[in-house]
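Quick note: residue numbers are just sequence positions, from 1.
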Amino acid sequence: MTAPPGPVPLAETSPNGRRPASSPGRGPGPPPETPGFGLRQAAAVLRFAGQQVMREPQALLRGASGASRELLRIVLGKSEVAPDKGDKRFADPAWRENPVFRTVMQTYLYLGSGVDVAVDDLGIEGVNAERARFALTLVREALAPTNFFLGNPAAVKRLVDTGGGSIRSGFANWSGDVLHNRGMPSMVDRRPFRLGENIAATPGAVIHRTEVFELIQYTPQSGTVYQRPMLVVPPQVNKYYALDLAPGRSMVEYLLKQGIQVFCISWRNPTGAQRDWNFDTYAQATIEAIDAAREVTSSPDVNVMGGCLGGMMIAMVQAHLAASGDHRIHSATMTVTLLDCESDGRMFLFATPQSLALAKEVSLRSGVIEGWQTAQMFSWLRPNDLVWNYWVNNYLLGKDPPAFDILAWNADTTRLTSAFHHQLLDLMAGNQLVRPGTMEVLGTPIDVSRIACDTYVVAGRTDHITPWHTCYRTTQLVSGRSQFVLCSSGHIQTVVADPGHPRLGYFLNPETPPEAEQWMAGAQRHEGSWWEHWAGWLADRSGEQITAPPSVGSPRFPAKEPAPGTYVHQ
């Protein structure tokens, strides 16, 4: 299904602004099996921990005497237990001033702080210990007193202040999410955002369309431009416009103002009919987009940028082209991208052969993995920020979720085809990109060490999906010159780092020693956005400056319709 050209709502919404599920009328289902993590796997780990307790009950008694003493101090009001400085759950003054609330908070924090000790006492080691620690953390965060009405002073106050209105609003929000959001609390009110008007609104046009993608060329915003263009390859798991948010926050807009000619792929949102689309499908599409950008700009080569899965894809394409001595790619930028999947990130904790087999079975049945399944997985990796925060706001306080452009984009999910999903799971489980020849793309054994062009690698210091230490290893895998940049933010915020954002910073070191900590030891912090440093790096690799073309496209690739095109609405 495609949307008509021109600005349209981001998605149909229910009366409370929530996006309907892909299958109308269907209520929340069981936790999905997803790439490497699911609540079902976490529950299995908790059962395993319980069995360990039954076998060694003395493990829970070792610290009992110390716990009793501290709990007594809490009851007597003499305890020094306090929340972390950045823990917003306990920001209300009542947690400090009211003795009952203070006792509840300190008891929760003290008992919850024993997760690591409890796992150690059970004698669980290695990855099983990390799984148990994470599963117990999920339980700990779910049991926070702030998640319950009577345990949340802010919710009680709001009930009084609104004369009961917060309860009515909270129930309406909850019922709307049960019906339309698979039972998960909505993170965003998407009603204010309209594609092509106030989000994904940078002027341009679709100049090429295939069954797999649309290619957007953006209208230059300077009198002169660099001849060598930039092609953006977005991840298949998200819509492309994280890079083209509201005006003033758009990376595309920023690059255009620096004189960079920008082309961007917009992937079609697949259905079960496209179940066979795989790495080859997307790699061939990327090469086709490269050639279109070259033809339109009369440039022999292009610079490319990919984030997350898009970064993996450009690495595969580069390795494929390099194997035949093809130099169509002049430089590459990879943001929050793992080429080496030997990671300590939470996303990989539950990547057992059994969970991966179940995940494959799910996508095989329908031909796709639905976007909401992937979104739920990422939400449970950071439950306080991405689940319970909105549970409290939407239900206990009865407030609408915020209207924020990046959250609106995040909620605009896409599907993955079963063939692509299966290959992705195999890539991660076998860490195939760091093992030359273990995978093939377009008939070429992939060896990322063949990538000899300059590479700009960007990671986030607090990224929970692609940990920065692991992202850094890309500099050691490719053979060309690398520039590594570490931002002071998380996964999405690392990419969306417009210069107007307050409190931004990034670390730079011109050298790339073997280990990430060695790099950090020699790095210097810079205030502001890494976009500014990147724009200079990119300008040095974008060729000569020429007069900006009067229009986008070419006789072979004429403008078809205004950006953001058709596929983004699917």
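- Using a 4.5 Å heavy-atom threshold, the side chains of His501 and Leu504 count as touching.
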Donor-acceptor pairs under 3.5 Å, side chain of residues 74-83 to any protein atom, not counting sequence neighbours: which ones?
{"unit_1": "Ser79", "atom_1": "OG", "unit_2": "Glu70", "atom_2": "OE2", "d": "2.7"}
{"unit_1": "Ser79", "atom_1": "OG", "unit_2": "Val81", "atom_2": "N", "d": "3.1"}

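- A 4.5 Å side-chain heavy-atom check between Thr414 and Trp267 finds every atom pair outside the cut-off.
- Applying the salt bridge (charged side-chain N to carboxylate O under 4.0 Å, His left out) rule to pairs touching residues 488-501 yields Arg249-Asp498, sequence neighbours excluded.
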Practice item. I would like to know whether Ser418 and Val368 meet side-chain contact (heavy atoms from CB on, under 4.5 Å); could you show each step before the answer? Key: CA-CA 5 Å; Ser418 59; Val368 293; over 6 Å; no
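- Taking the ring-ring contact (aromatic ring centres under 6.0 Å, His included) definition, one finds that Tyr506 meets it with His526, sequence neighbours left out.
- When all heavy atoms of His469 and Ala516 are compared, the closest pair comes out as CD2-CB, 3.7 Å.
- Interatomic distance, OG of Ser113 versus CZ of Arg140, reported as 8.0 Å (0.5 Å rounding).
- A pairwise comparison of heavy atoms in Ser250 and Leu243 identifies OG-O, 3.4 Å as the closest pair.
- When side chains are defined from C-beta on, Val237 does not count as touching Arg415, because their heavy atoms never get closer than 4.5 Å.
- Contact annotation: the side chain of Thr474 never approaches that of Thr337 to less than 4.5 Å [non-hydrogen atoms, C-beta and beyond].
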Point to revise | Verdict with supporting geometry, Met187 and Asn410, side-chain contact (heavy atoms from CB on, under 4.5 Å) | key: CA-CA 9 Å; Met187 297 183 190; Asn410 191 54; 4.2 Å; yes
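- Counting all heavy atoms, side chain and backbone alike, Ala403 lies closest to Pro192 at CB-CG, 3.7 Å.
- How far CD1 of Ile199 is from CZ of Arg190: 9.0 Å, rounded to the nearest 0.5 Å.
- The list of salt bridge (charged side-chain N to carboxylate O under 4.0 Å, His left out) pairs with a residue in residues 152-171, not counting sequence neighbours, reads Asp92-Lys157.
- Between the side chains of Ser186 and Asp177, at least one donor N or O sits under 3.5 Å from an acceptor N or O.
- Remark: Asp426 engages Lys360 in a side-chain hydrogen bond (donor to acceptor under 3.5 Å, both in side chains) (not counting sequence neighbours).
- To the nearest 0.5 Å, the span separating CG on Asn509 from CG on Leu486 amounts to 11.0 Å.
- The side chain to side chain contact (heavy atoms under 4.5 Å, CB included) test applied to Asp463 returns Val336, Ile465, Thr466, His491, not counting sequence neighbours.
- His533 places a side-chain heavy atom less than 4.5 Å from the side chain of Tyr456.
- Val100 and Asn98 make their closest contact through N-OD1, 2.9 Å (heavy atoms, listed as atom of the first residue, atom of the second, distance).
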**Study point:** Working for side-chain hydrogen bond (donor to acceptor under 3.5 Å, both in side chains), residues Asp340 and Thr470
**Key:** CA-CA 7 Å; Asp340 187 341; Thr470 315; over 6 Å; no
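- At least one donor-acceptor pair under 3.5 Å links the side chain of Thr103 to the backbone N or O of Pro99.
- With sequence neighbours left out, the ring-ring contact (aromatic ring centres under 6.0 Å, His included) criterion links Phe148 to no other residue.
- In this structure, a donor-acceptor pair under 3.5 Å is absent between the side chains of Ser482 and Thr512.
- Listed by chain and number, the residues in a ring-ring contact (aromatic ring centres under 6.0 Å, His included) with Trp95 are Phe90, Phe101 (sequence neighbours excluded).
- For the atom pair Ser366 OG and Ile369 CD1, the distance stands at 6.5 Å (nearest 0.5 Å).
- The shortest side-chain heavy-atom distance between Val568 and Tyr241 falls under the 4.5 Å cut-off.
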Practice item. With side-chain contact (heavy atoms from CB on, under 4.5 Å) as the test, would you mind laying out the steps for Met428 and Leu425 before giving the verdict? Key: CA-CA 5 Å; Met428 293 191 303; Leu425 293 178; 3.9 Å; yes
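- The side chain to side chain contact (heavy atoms under 4.5 Å, CB included) search around Leu427 returns Phe279, Met312, Met316, Cys341, Gln432, Leu433, Met439, not counting sequence neighbours.
- A centroid separation of 6.0 Å or more is found between the aromatic rings of Trp534 and Trp531.
- For residues 141-156, the pairs satisfying side-chain hydrogen bond (donor to acceptor under 3.5 Å, both in side chains) are Arg89-Glu141, Tyr108-Glu141, Glu141-Asn384, with sequence neighbours left out.
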Exercise for review: Evaluate side-chain contact (heavy atoms from CB on, under 4.5 Å) for Trp530 paired with Thr335, printing each intermediate quantity in order.
Suggested key: CA-CA 11 Å; Trp530 66 272; Thr335 61; 4.0 Å; yes
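- Residue Ser175 holds its OG atom at 9.0 Å from OH of Tyr395, rounded to the nearest 0.5 Å.
- The shortest side-chain heavy-atom distance between Pro235 and Asn238 falls under the 4.5 Å cut-off.
- Glu532 and Pro499 get closest at one heavy-atom pair: OE2-CB, 3.7 Å.
- The pair Asp400-Arg191 meets the salt-bridge criterion, with a side-chain N (NZ, NE, NH1 or NH2) lying under 4.0 Å from an Asp/Glu carboxylate O.
- Expressed to the nearest 0.5 Å, how far OH of Tyr110 lies from CZ of Arg73 amounts to 7.5 Å.
- For Tyr240, the ring-ring contact (aromatic ring centres under 6.0 Å, His included) criterion is met by no residue, not counting sequence neighbours.
- Using a 4.5 Å heavy-atom threshold, the side chains of Met184 and Val387 count as touching.
- Between Asn198 and Pro247, the shortest heavy-atom contact is O-CD, 3.9 Å.
- Sorted by first and then second residue, the salt bridge (charged side-chain N to carboxylate O under 4.0 Å, His left out) pairs involving residues 513-528 (not counting sequence neighbours) are Arg525-Glu527.
- A donor-acceptor contact shorter than 3.5 Å links the side chain of Lys239 to the backbone of Gln570.
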